[in-house]
Amino acid sequence: QVQLVESGGGLVQAGGSLRLSCAASGRAFSNYAMGWFRQAPGKEREFVARISRSGITTYYADSVKGRFTISRDNAKNTVSLQMNSLKPEDTANYYCAADERGSYRYQSTNEYEYWGQGTQVTVSS
């Protein structure tokens, strides 16, 4: 198993930047592909970014391509999400998730076995 704790959320103005971190504890962090999802009030949880076990391969939702960057440090058991050029539409609770099976359906919440508690990101206009 793995336990996940997000941090780094806060209030920023449109056009600003924010860096989210996810700290993992437990066994074999490098065996998990990792993802970031977000959920706004009244909306479904949506895919944001994905990174492979090695950190070599990444995927992004079209809405954040070119603005967000996912990375990981397996030696420190952490995964990060650098968010630049933030928009009010990015306002949501952001969640870190772990996928032990390394599914090709990486955009689906159903493919991730473990989740953090979330961290709130609010972008003002």
inquiry  = I'd like to know if Met34 and Tyr60 are part of one continuous hydrophobic network [Ile/Leu/Val/Met/Phe/Trp/Tyr, side-chain heavy atoms within less than 4.5 Å].
reply    = yes
message = Determine whether a donor-acceptor pair (N or O, by modelled atom type, separation under 3.5 Å) exists between the side chain of Ser108 and the backbone of Arg105.
response = no
key: Same apolar cluster: Trp115 and Phe29, side chain cutoff 4.5 Å   = no
inquiry  = Could you go through Tyr95 and Leu4, starting from their C-alpha distance and side-chain angles, then the distance that decides it, and tell me whether this counts as side chain to side chain contact (heavy atoms under 4.5 Å, CB included)?
reply    = CA-CA 9 Å; Tyr95 297 87; Leu4 308 173; over 6 Å; no
task = Answer yes or no: is there a side-chain heavy-atom contact under 4.5 Å between Leu81 and Phe68?
result = yes
inquiry  = Tell me whether the count of non-hydrogen atoms from other residues, nucleotides or ligands lying under 6.0 Å of CD in Gln117 goes above 12.
reply    = yes
request  = Take Gln1 and Gln3 through the side chain to side chain contact (heavy atoms under 4.5 Å, CB included) test and state the conclusion after the steps.
outcome  = CA-CA 7 Å; Gln1 299 187 78; Gln3 293 77 47; 4.0 Å; yes
ask   = Quick one: does Ser17's side chain get under 4.5 Å of Gln82's, heavy atoms only?
value = yes
request  = Verify whether one side chain among Asp73 and Thr78 offers a donor that lies under 3.5 Å from an acceptor in the other.
outcome  = no
Atom pair OG1 (Thr122) and CG (Asn93), whose distance is rounded to the nearest 0.5 Å = 9.0 Å
inquiry  = Quick check for you: to the nearest 0.5 Å, what is the distance between Arg72 atom CZ and Ile56 atom CD1?
reply    = 11.0 Å
key: Minimum side-chain heavy-atom gap Ser71-Arg19 below 4.5 Å   = yes
query = Which atoms form the tightest heavy-atom contact between Gly118 and Glu6, and what is the distance?
reply = N-OE1, 2.9 Å
Connected via hydrophobic side-chain network under 4.5 Å: Val2 and Tyr106 = no
task = Would you check, one step at a time, whether the test side chain to side chain contact (heavy atoms under 4.5 Å, CB included) holds for Tyr94 with Met83?
result = CA-CA 12 Å; Tyr94 283 70; Met83 305 183 293; 3.9 Å; yes
key: Linked, directly or transitively: Leu20 and Tyr59 (ILVMFWY side chains, under 4.5 Å)   = no
inquiry  = Contact between Arg53 and Ser30 at the side-chain level, heavy atoms closer than 4.5 Å - yes or no?
reply    = no
task = Kindly compute the distance separating CG (Asp99) from OH (Tyr32), expressed to the nearest 0.5 Å.
result = 10.0 Å
request  = Answer yes or no: is there an ion pair linking Arg101 with Glu111, defined by an N-O contact shorter than 4.0 Å?
outcome  = no
query = Do Phe37 and Tyr112 make the cut of ring centroids closer than 6.0 angstrom?
reply = yes
task = May I have the step-by-step check of side chain to side chain contact (heavy atoms under 4.5 Å, CB included) for Glu46 and Thr109, ending in yes or no?
result = CA-CA 8 Å; Glu46 66 174 345; Thr109 58; over 6 Å; no
request  = Kindly indicate, with the supporting measurements, whether the criterion ring-ring contact (aromatic ring centres under 6.0 Å, His included) is fulfilled by Trp36 and Phe47.
outcome  = CA-CA 7 Å; Trp36 283 97; Phe47 168 77; over 10 Å; no
query = So does Asp62 pair up with Lys65, basic N to acidic O under 4.0 Å?
reply = yes
key: Smallest separation among heavy atoms of Ala92 and Arg38, with atom names   = CB-CB, 3.8 Å
Close side-chain approach of Ile70 to Val79, heavy-atom, < 4.5 Å = yes
key: Spacing of CG belonging to Asn77 relative to OG belonging to Ser25, to within rounding of 0.5 Å   = 8.5 Å
message = Using 0.5 Å steps for rounding, measure from the CG atom of Asp90 to the CZ atom of Arg67.
response = 4.0 Å
remark   = Here the gap from Ser103 atom OG to Arg50 atom CZ, rounded to the nearest 0.5 Å, amounts to 6.5 Å
